[in-house]
Protein chains: 2
Amino acid sequence: MATRHNRDVNTPAPTDSAAVRRANLSLVLRYVAAHGPCARTEVAAGTGLVHASVTALVADLIDRGLVAEAGAAASTGRGRPRRPVRLVPGRVRTTAVHVAWGYSTVMTSDLAGVTGRPRRLPNSGGPFGPLEVLADDIASAVDAVGPPEPGVHHGRLVIALSGPVTERDQDAPSPARSASHLARLVADRLPGPPCPVDVVNDAKAAALAEYHALAVGGGTVAYVKSDAGVAGALIVDGRVFHGSHGLAGELGHIPVSLDGPVCRCGATGCLTTYVSTRAVLEEAGLGGSTAPHHVSAALTELDHRLRAGEPVALAALDRAGHALGAALQSLAGVADPDHVVLGGRLADWLPWLRPGIDARLAARRGAFPAFSPAVTPGHLGDEAALHGALAAGREHILADPAAVPKGA
Amino acid sequence: MATRHNRDVNTPAPTDSAAVRRANLSLVLRYVAAHGPCARTEVAAGTGLVHASVTALVADLIDRGLVAEAGAAASTGRGRPRRPVRLVPGRVRTTAVHVAWGYSTVMTSDLAGVTGRPRRLPNSGGPFGPLEVLADDIASAVDAVGPPEPGVHHGRLVIALSGPVTERDQDAPSPARSASHLARLVADRLPGPPCPVDVVNDAKAAALAEYHALAVGGGTVAYVKSDAGVAGALIVDGRVFHGSHGLAGELGHIPVSLDGPVCRCGATGCLTTYVSTRAVLEEAGLGGSTAPHHVSAALTELDHRLRAGEPVALAALDRAGHALGAALQSLAGVADPDHVVLGGRLADWLPWLRPGIDARLAARRGAFPAFSPAVTPGHLGDEAALHGALAAGREHILADPAAVPKGA
DNA sequence: TTTTATTTTCAACGGTTGAAAAATTAGAAG
DNA sequence: CTTCTAATTTTTCAACCGTTGAAAATAAAA
């Protein structure tokens, strides 16, 4: 009988020479990806590896088709000229699907982050329907981008969605609605060779994308967005911070006031009751149906009124700004981020929200000068989740280039 | 000229066979430390390493004096009997000093966590004085426990203190008050061979200790304490979460109410103004001098009145409980911990605080059933910071057993 | 041709692995 | 009671893999 291994899930796997190779391949690939075309000497200096190792590792990456010699670089003086290498465009294809209510968006990217155009397709409902229907929708969205060309390695498919399918199985409401279950259903529906599928939360993915867009090398970044609901996430040193139940950074039900409106969750004074699209529209006198086309028209009207300086609209945003400011003050006290990125409608509304936010955060500046987070609008708009899902997919390749087969 | 390496500080070091050895030695040592006396076969099954590797790794650890063969274990049947190994008591000595106002406490521990008795010594002030004075005090505290016996490896000295000497240099108010500067000053004052010195925040250390005492294998744990001031920390998967400026988890200035008392920090309604010792004593009609002996007497008196059911005292604690509950609701919304540990006076007061806390958290339970954190008193009392500092020191040995020299 | 800088080659070293051997005991057989 | 066999743990050893350092090869400028 073969030896049975019953390692704890928490204990790390033992390290062997394969792990060493994986780690160093990753190190070199990340360096090339981050620094563009660069010679082996530069890689050696930048990574701490010895020239001989870089030669071997780069040769391995070339075998896998991930990097290639770039055209001769400008001579830097005398001596043997450098032979820079760069990422091979299009060698791996990462696919992301963002499932929203009524439509899905699909987009692909290569390792360098060069994306295809996003395609938007109607779907049968949204993230809350039966998993089988969801899986059908996702598979047909993937089908819409067509099969990869020969020679292109099929990387991960990453699905971003909100709702009861959580990112980590342990946080799922039931095993039947677990991320891994959905991933399996989708994988079974995809033609061709089996493809690894990941499921991520859309707010967490958007947060990751905005984090990368900020291009700060580390630190804590918070993301808060408001569309249909209020959602958010925390990114710590480039990784999503989940908390114990996957709810970290979900500011929707943070208490803003002791005597505020009653929230659907049962509590009073939740942030949602101040800054959700529905709440702001109602406060501005534009409430009514929650049908998408009506909400869309109301948002346009709100924008007009804000620009026209209509007092009721301004008051609604001022109220939301103060509430958001209070929530961010709590966020700052707990998580101590250096950036807070606002997404969804909050990004559009930021000019009118800012006075309220600043008024609240000014209090914190009194306690901790210069330690107050910078509040900025997101750069990626509604595509943030899609970009974040692609970044998560690329990260798998960057972390383990050996997963891409050798021999072009 | 030797090759110059200019690696980014953020890029990981390259991996080589020494790193493999380090990682696997650590894996085996952690297993033995966690599971007590255990045979090589058990280690192999538990870690995923092969028998041959475990033999070599255990032999290495025996060479370093970290583990030794334990007395023969009870036979488990036929076959060659197991030869369990266990940690060698007292092989390494980790020293921790906790600097408080007016006195310091020093304690030592070996790798198994067997501690000496804590010794309390008066000091020249506290964490806020000149670093040179602080270093003198710390060095004399270390001196009080005497030099290690021959054959004992001198591990880290870990200094726990609050105040402007932060745990990470990047968070220090100025380079002159940085943790590494203090560490250097202390190291220079210690007799004998140079000893690595770490500086940690006392609340973060206490949080780490209470996290270990909970014996949950991972997840997010928050710690909040109130003594002179309110402090706290977050532990995520066994490691301190610092945030961008080292302030994560410091709930003292989280906003609890929009119209509360004005805090010394300038803001209104900070948690500190409700649950600090001073605030509670004043609210209970026991305010007055802040001299230590007076505060101590007032606390005793407060305890009497609480047990006697005196209404003003009960009201003061009820008010504090509601404020703390609101802060924990924010904490739960941002960091999503599964445990909140209360330390300092909060642990003593918990019976009277609990109704207020529960009233607030009940609201959150409406939104996320079963996702509400458990609120418990700390197990370690005033020695928590000391234990956490020792745990941090032990962690260095567990992470890199190769730092302990071979050859007894 | 010399100098300089980059890249490659190669033997050496350290670490893990798998298989085989050694060690050691309990139970079965004689 | 002795001997043998089966079972289990531990150790040994050759093989393999990856990094390293030094030397060699390469290539262009001076």
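In the text below, chain A, chain B and the rest are named by the order of the sequence lines, each starting its count at 1.
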Tell me which nucleotide among dC13(D), dT6(C), dT8(C) gets nearest to the side chain of Arg83(A).
->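 Selected nucleotide: dT8(C).
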Nearest-nucleotide pick for Val50(A), side chain only, options being dT20(D), dG18(C), dT10(D) =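 Selected nucleotide (nearest to the side chain): dT20(D).
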Would the distance check show the side chain of [X] and the main-chain N or O of [Y] forming a donor-acceptor pair, the cut-off being under 3.5 Å?
| X | Y | answer |
| --- | --- | --- |
| Asp110(A) | Gly113(A) | yes |
| Tyr211(B) | Gly218(B) | yes |
| Arg91(B) | Gly151(B) | yes |

Which residue lies toward the 5' end of DNA chain D, Ser53(A) or Gly79(B), if each is placed at its nearest nucleotide?
->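 Nearer the 5' end of the strand: Gly79(B).
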Between Ala39(B) and Leu57(A), which has a closest nucleotide on DNA chain D that is more 5'?
->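 Its nearest nucleotide lies further toward 5', so the answer is Ala39(B).
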In whole angstroms, how far is the [atom2] atom of [N] from the [atom1] atom of [X]?
| X | N | atom1 | atom2 | result |
| --- | --- | --- | --- | --- |
| Asp60(A) | dT8(C) | CG | C1' | 16 Å |
| Leu49(A) | dG18(D) | CG | C1' | 11 Å |
| Lys406(A) | dC17(D) | NZ | C1' | 12 Å |
| Glu69(A) | dT6(C) | CD | P | 15 Å |
| His51(A) | dA25(D) | NE2 | P | 19 Å |

Using a cut-off of less than 4.0 Å, is there contact between a side-chain N or O of Arg80(B) and OP1 or OP2 of dT10(D)?
->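 No, Arg80(B) has no side-chain N/O under 4.0 Å of OP1/OP2 on dT10(D).
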Does Arg40(A) put a side-chain nitrogen or oxygen below 4.0 Å from OP1 or OP2 of dT6(C)?
->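 No, no such contact exists.
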Test item: side-chain donor near acceptor, [X] and [Y], under 3.5 Å:
| X | Y | result |
| --- | --- | --- |
| Arg40(A) | Thr55(A) | no |
| Asp169(A) | His181(A) | no |
| Asp171(A) | Thr166(A) | no |

Taking for each residue the nucleotide of DNA chain C with the nearest heavy atom, is it Arg78(A) or Thr55(A) whose nucleotide lies nearer the 5' end?
->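 On the 5' side of the pair lies Arg78(A).
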Describe the nucleic acid contact of Thr41(A) in one word from base, sugar-phosphate, nothing, applying a heavy-atom distance below 4.0 Å.
->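 Sugar-phosphate, backbone atoms only, no base.
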Across the strands shown, which category fits Ala56(B) at heavy-atom distances under 4.0 angstrom: base, sugar-phosphate, nothing?
->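 No contact.
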Does Glu395(B) come within less than 4.0 Å of Arg239(B), counting only side-chain N to carboxylate O?
->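 The answer is no: the pair does not qualify as a salt bridge.
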Within residues 10-38 of chain A, residues whose heavy atoms come under 4.0 Å of DNA chain C |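 Thr15(A), Asp16(A), in order of number.
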Step-by-step side chain to side chain contact (heavy atoms under 4.5 Å, CB included) determination, Leu66(A) to Val88(A) | CA-CA 5 Å; Leu66(A) 290 169; Val88(A) 174; over 6 Å; no
Axis deviation across the helix from dT1(C)-dA30(D) to dG30(C)-dC1(D), five-pair ends, to the nearest 10° |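 It works out to 30° between the end axes.
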Steps toward salt bridge (charged side-chain N to carboxylate O under 4.0 Å, His left out) verdict (Asp60(A), Arg21(A)) = CA-CA 10 Å; Asp60(A) 191 328; Arg21(A) 187 62 163 203; 3.3 Å; yes
